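Encoded as structure tokens, here's the structure I'll be asking about.
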Amino acid sequence: QVHLVESGGGLVQAGGSLRLSCAASGRTFSTYAMTWYRQAPGKGREFVATISTSGDRTSYADSVKGRFTISRDNAKNTVYLQMNSLKPEDTAVYYCNTLKSGYSDRPPHILGSWGQGTQVTVSS
């Protein structure tokens with residue numbers, strides 16, 4: 001079981017940047033493909049990005065492609081989400097998770113347990 005803790009969220013103006021981190025406990029982090037999802041107020045959770053175990057493959061939702069970058073550091077048991085050119089519609093709680101189904105460009109995914117998430121608010 002991998003325990004995940006997200007951090008790095010906050011309030012930023014449109015056009016700004018944030019870097020989210022997801023720290024994982026346990027020795028098996030490097031064996032999991034990882035993903036970021038987000039949930040905006042009043043909406044369901046949606047896919048944002050995914051990364052393979054070694055980091056050589058990544059995939060993004062169309063809404064964030066070219067603005068967000070997912071990366072990982074297996075030595076630090078951490079996955080990151082660099083978010084640039086933020087828009088008000090990026091406002092959401094952001095969650096990381098393990099891909100129990102293995103790397104896949106798109107949902108559907110079989111996911112692990114959700115963490116508490118980190119709030120990102122983009123003002124216009």
Side-chain angles (χ1 to χ4, degrees):
Q1 184 79 13
V2 176
H3 180 63
L4 303 169
V5 178
E6 301 93 339
S7 63
L11 174 63
V12 63
Q13 288 188 332
S17 298
L18 283 173
R19 188 194 196 201
L20 306 184
S21 298
C22 170
S25 64
R27 299 178 181 177
T28 60
F29 171 78
S30 63
T31 67
Y32 286 108
M34 297 295 295
T35 187
W36 284 95
Y37 275 63
R38 67 186 181 185
Q39 186 167 18
K43 296 187 177 181
R45 209 164 286 183
E46 67 170 355
F47 165 74
V48 175
T50 187
I51 188 167
S52 61
T53 55
S54 65
D56 62 335
R57 290 176 292 171
T58 58
S59 181
Y60 300 90
D62 290 343
S63 59
V64 307
K65 195 175 297 182
R67 299 188 298 122
F68 290 11
T69 303
I70 188 172
S71 62
R72 67 189 297 162
D73 185 337
N74 286 339
K76 296 182 178 180
N77 278 14
T78 303
V79 62
Y80 303 98
L81 187 68
Q82 177 67 45
M83 306 186 296
N84 299 329
S85 302
L86 282 161
K87 304 175 181 180
E89 51 263 44
D90 294 319
T91 295
V93 178
Y94 284 72
Y95 302 87
C96 65
N97 210 326
T98 55
L99 287 175
K100 293 189 174 297
S101 48
Y103 178 81
S104 174
D105 285 347
R106 289 287 186 274
H109 294 136
I110 298 176
L111 301 166
S113 300
W114 295 103
Q116 85 288 346
T118 186
Q119 175 71 49
V120 172
T121 304
V122 185
S123 63
S124 57

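Owing to the predicted nature of the structure, the values given are computational and were not obtained by experimental measurement.
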Subject >> Donor-acceptor contact present, side-chain Asn77 to main-chain Gly26, <3.5 Å >> reply: yes
**OP:** Count the heavy atoms of every other residue, nucleotide or ligand shown that sit under 6.0 Å from NZ of Lys100, and state whether that count exceeds 12.
**Re:** yes
**OP:** Can you see which heavy atom on Asp105 is nearest to which on Thr50, and at what distance?
**Re:** O-CG2, 4.2 Å
Original post:
Taking atom OG1 of Thr69 and atom CE of Met83, what is their separation to the nearest 0.5 Å?
Top reply: 11.0 Å
Original post:
What pair of heavy atoms forms the shortest contact from Thr118 to Gly9, and how long is it?
Top reply: OG1-N, 3.0 Å
Original post:
Do you know which two heavy atoms are closest between Thr121 and Gln119, and how far apart they sit?
Top reply: OG1-NE2, 3.3 Å
Original post:
Considering residues, nucleotides and ligands other than Lys65, do more than 12 of their heavy atoms fall under 6.0 Å from its NZ?
Top reply: yes
Subject >> Hydrophobic cluster identity match, Val48 and Ile51, side-chain contacts under 4.5 Å >> reply: yes
**OP:** List the atom of Ser59, the atom of Phe47, and the distance in Å for their closest heavy-atom pair.
**Re:** O-CZ, 3.9 Å
Subject >> Qualifying residue, where the test is side-chain contact (heavy atoms from CB on, under 4.5 Å) with Arg38 and the options are Asp90, Val93, Val120 >> reply: Asp90
Original post:
Looking at Asp73 and Phe29, what are the two nearest heavy atoms and their distance?
Top reply: O-CE2, 4.2 Å
Which pairs of donor and acceptor atoms, one on a side chain in residues 11-19, lie under 3.5 Å apart (sequence neighbours left out)?
{"residue": "Ser17", "atom": "OG", "partner": "Asn84", "partner atom": "OD1", "Å": "2.9"}

Original post:
ring-ring contact (aromatic ring centres under 6.0 Å, His included) with Tyr95: which residues, sequence neighbours excluded?
Top reply: Trp114
**OP:** List, by chain and then residue number, the residues other than Tyr80 in its hydrophobic cluster (Ile/Leu/Val/Met/Phe/Trp/Tyr, side-chain heavy atoms under 4.5 Å); write none if there are no others.
**Re:** none
**OP:** Could you pull out all residues at least two apart from Asp56 that satisfy side-chain hydrogen bond (donor to acceptor under 3.5 Å, both in side chains)?
**Re:** Ser52, Ser54
**OP:** Test Cys22 against Trp36 for side chain to side chain contact (heavy atoms under 4.5 Å, CB included), laying out the working first.
**Re:** CA-CA 9 Å; Cys22 170; Trp36 284 95; 3.7 Å; yes
Subject >> Under the side-chain hydrogen bond (donor to acceptor under 3.5 Å, both in side chains) test, residues paired with Thr58 that sit two or more places apart >> reply: none
Original post:
Members other than Val5 in its cluster, when Ile, Leu, Val, Met, Phe, Trp, Tyr link by side-chain heavy atoms under 4.5 Å?
Top reply: none
Original post:
Going by distance alone, is a donor N or O of one side chain under 3.5 Å from an acceptor N or O of the other, for Tyr60 and Asp62?
Top reply: no
**OP:** Treating Ile, Leu, Val, Met, Phe, Trp and Tyr as nodes and any side-chain heavy-atom pair under 4.5 angstrom as an edge, say whether Leu20 and Tyr37 lie in one connected cluster.
**Re:** no
Subject >> Leu99 backbone acceptor or donor facing Thr35 side chain under 3.5 Å >> reply: no
**OP:** Kindly compute the distance separating OG (Ser71) from CD (Gln82), expressed to the nearest 0.5 Å.
**Re:** 8.0 Å
Original post:
Say you draw a straight line from CG of Leu81 to CE of Met34; how long is it, rounded to the nearest 0.5 Å?
Top reply: 11.5 Å
Original post:
With a distance cut-off below 6.0 Å to the six-membered ring centre and an angular limit of 45° from the axis, does Arg72 pair with Tyr32 as a cation-pi contact?
Top reply: no
Original post:
What is the distance from atom CG of Leu4 to atom OG of Ser21, rounded to the nearest 0.5 Å?
Top reply: 12.5 Å
Subject >> Tyr103-Val79 co-clustered via ILVMFWY side chain contacts under 4.5 Å >> reply: no
**OP:** State, to 0.1 Å, how close Ser113 and Asn97 come at their nearest heavy-atom pair, and which atoms those are.
**Re:** O-OD1, 3.5 Å
Subject >> Ile70 CD1 to Cys96 SG distance, which is reported to the nearest 0.5 Å >> reply: 9.0 Å
Original post:
Is the number of heavy atoms from other residues, nucleotides or ligands under 6.0 Å of Arg106 CZ greater than 12?
Top reply: yes
